[in-house]
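First comes the structure, then the notes that go with it.
Computed from a prediction, not measured in an experiment: that's the story for all the values here. Chain A is the first sequence line, chain B the second, and so forth, proteins listed ahead of strands; every chain is numbered from 1.
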Protein chains: 2
Amino acid sequence: MLAIGTLSRRTGTKVQTIRYYEEIGLMNEAGRTAGGQRRYFEKDLDRLAFIRHSRQLGFSLDSIRELLDLSDNPSQSCAEADSIARRQLRQVEQRIKRLQALKKELKRMVAECEGDSVAECKVLEVLRDHSECLTEHDEIGA
Amino acid sequence: MLAIGTLSRRTGTKVQTIRYYEEIGLMNEAGRTAGGQRRYFEKDLDRLAFIRHSRQLGFSLDSIRELLDLSDNPSQSCAEADSIARRQLRQVEQRIKRLQALKKELKRMVAECEGDSVAECKVLEVLRDHSECLTEHDEIGA
DNA sequence: CCTTCAATCTACAGCAACTGTAGTTTATCC
DNA sequence: GGATAAACTACAGTTGCTGTAGATTGAAGG
């Protein structure tokens with residue numbers, strides 16, 4: 001039987017975060033000692049590791065919930081899991097695209113800055129006037 | 001004199017967001033009509049546009065606050081604004097790097113999935129077992 | 001002048017995904 | 001049996017908004 005701190009250490013998850021996952025139903029309710037402390041099995045550790053790893057790959061808690069459901073029912077089709085992963089991949093690619101546009105703009109902004117006083121600062125000037133931008137960046141960078 | 005809805009339309013900012021910016025002190029407190037509605041000058045519109053544009057470039061509200069301060073005091077050195085922009089650039093580059101690692105991993109995951117049942121689903125397998133990953137991705141993707 | 005209706009107002013709850021704090025109780029080790 | 005680390009609950013705070021409810025206001029048309 002594992003205490004919550006052991007799960008915490010072994011998965012690099014804050015104790016409060018584990019309790020939070022229980023609260024929102026991602027982790028099963030843990031068994032308790034007579035004194036009320038949570039005690040876990042190895043399988044709980046595996047589940048938490050799955051959640052953490054998925055988070056590291058950028059999946060939302062909602063997606064992870066779906067993936068866990070699939071994982072719990074091994075007879076289902078794999079297609080669902082595949083499509084969740086593809087969706088995540090598309091999102092990541094989207095974000096990269098947007099960030100690359102931002103990077104370009106920021107680079108240009110910084111490169112052109114050579115004035116010594118704020119009055120002639122290119123950085124502030126660009127921020128003041130969107131029309132100086134080369135690219136469109138209408139969505140706020142996630 | 002401009003109503004809040006006009007600022008909203010002209011900058012693509014939700015009305016509540018403008019009020020929120022006032023609440024946290026990013027926008028100056030607007031003048032009011034006898035009936036209590038906010039009325040703005042052109043300079044307020046400019047300030048809001050500056051804020052929005054900076055947000056689109058991914059600056060945090062705290063950074064924007066600094067940038068606005070600089071912009072309000074045009075005799076200061078430009079170095080400060082420059083360093084804020086460079087910091088932002090570094091952050092963006094960092095995020096791109098991380099996302100590219102994720103993308104690689106997700107691509108591999110999706111590419112290898114060919115089993116038809118969840119039991120042999122590569123996606124779920126990879127999520128279960130971090131050691132199957134090629135890259136480290138210890139930080140949760142922002 | 002009066003009605004009407006969109007626009008605005010305040011106040012507060014909610015989102016994602018945690019993180020931090022305070023104050024208390026439990027488990028473990030010597 | 002005492003000390004101390006670790007666990008407990010409950011709740012506030014983070015970032016940057018967004019949405020809702022219910023009450024007013026302002027401008028245009030008749």
Report all interatomic pairs (protein N or O, nucleotide N or O of nucleotides 7-10 of chain D) with separations under 3.5 Å.
from, atom 1, to, atom 2, distance (Å)
D:dA7, OP1, A:Gly5, N, 2.8
D:dC8, OP1, A:Arg38, N, 2.7
D:dC8, OP1, A:Arg38, NH1, 3.0
D:dC8, OP2, A:Arg19, NH1, 2.4
D:dT9, OP1, A:Arg32, NH1, 3.2
D:dT9, OP1, A:Arg32, NH2, 3.1
D:dT9, OP2, A:Arg38, NH1, 3.1
D:dT9, OP2, A:Arg38, NH2, 3.1

Identify which nucleotide among C:dG20, C:dC18, D:dC17 has an atom closest to any side-chain atom of B:Tyr20, counting heavy atoms from C-beta outward.
D:dC17
Could you list the residues that satisfy side-chain hydrogen bond (donor to acceptor under 3.5 Å, both in side chains) with A:Ser60, not counting sequence neighbours?
A:Ser63
What pairs meet the side chain to side chain donor-acceptor pair (under 3.5 Å) rule with one or both residues in residues 22-36 of chain B, with sequence neighbours excluded?
B:Glu22-B:Arg38
Rounding to an integer number of Å, can you tell me how far A:Leu26 CG sits from C:dA16 C1'?
12 Å
Are A:Arg86 and A:Asp82 within salt-bridge range, i.e. N to O under 4.0 Å?
yes
Are any of B:Thr33's side-chain N or O atoms less than 4.0 Å away from OP1 or OP2 of D:dT25?
no
Non-neighbouring partners of A:Glu105 that pass side-chain hydrogen bond (donor to acceptor under 3.5 Å, both in side chains), sequence neighbours left out:
A:Arg108, A:Thr135
I want to check one thing: is the phosphate of C:dT19, taken as OP1 and OP2, less than 4.0 Å away from some side-chain N or O of A:Thr17?
yes
Set out, line by line, the N/O atom pairs under 3.5 Å between protein and nucleotides 2-5 of chain C.
none

Measure the distance from CG on B:Leu61 to C1' on D:dT15 and round it to the nearest whole Å.
8 Å
What integer distance in Å separates A:Gln56:CD from C:dA17:P?
15 Å
Sequence neighbours left out, what pairs pass ring-ring contact (aromatic ring centres under 6.0 Å, His included) with at least one residue falling in residues 51-96 of chain B?
A:His130-B:His53, A:His137-B:His53
May I have the distance from A:Met1 (atom CE) to D:dA6 (atom P), rounded to whole angstrom?
19 Å
Between B:Ser60 and D:dT15, is there a contact of a side-chain N or O with OP1 or OP2 at under 4.0 Å?
no
B:Val110: hydrophobic cluster co-members (side-chain, 4.5 Å)
none
Nearest-Å distance for atom pair CD/P, residues A:Glu23 and C:dT19
14 Å
Taking 4.0 Å as the cut-off, does a side-chain nitrogen or oxygen of A:Tyr21 come that near to OP1 or OP2 on C:dC18?
yes
Distance (rounded to the nearest 0.5 Å) between B:Leu102 CG and A:Glu93 CD:
11.5 Å
Suppose we screen for side-chain hydrogen bond (donor to acceptor under 3.5 Å, both in side chains). Which residues come up paired with B:Thr11, at least two apart in sequence or across chains?
B:Thr13
Measure the distance from CD on B:Glu22 to C1' on C:dT8 and round it to the nearest whole Å.
13 Å
When rounded to whole Å, the CG to C1' distance for the pair A:Leu48 and C:dA17 reads 14 Å
Given atom CD1 of B:Ile51 and atom P of D:dC17, what is their separation to the nearest angstrom?
10 Å
Those residues at least two apart in sequence (or on a different chain) that pass side-chain hydrogen bond (donor to acceptor under 3.5 Å, both in side chains) with A:Gln91 are none
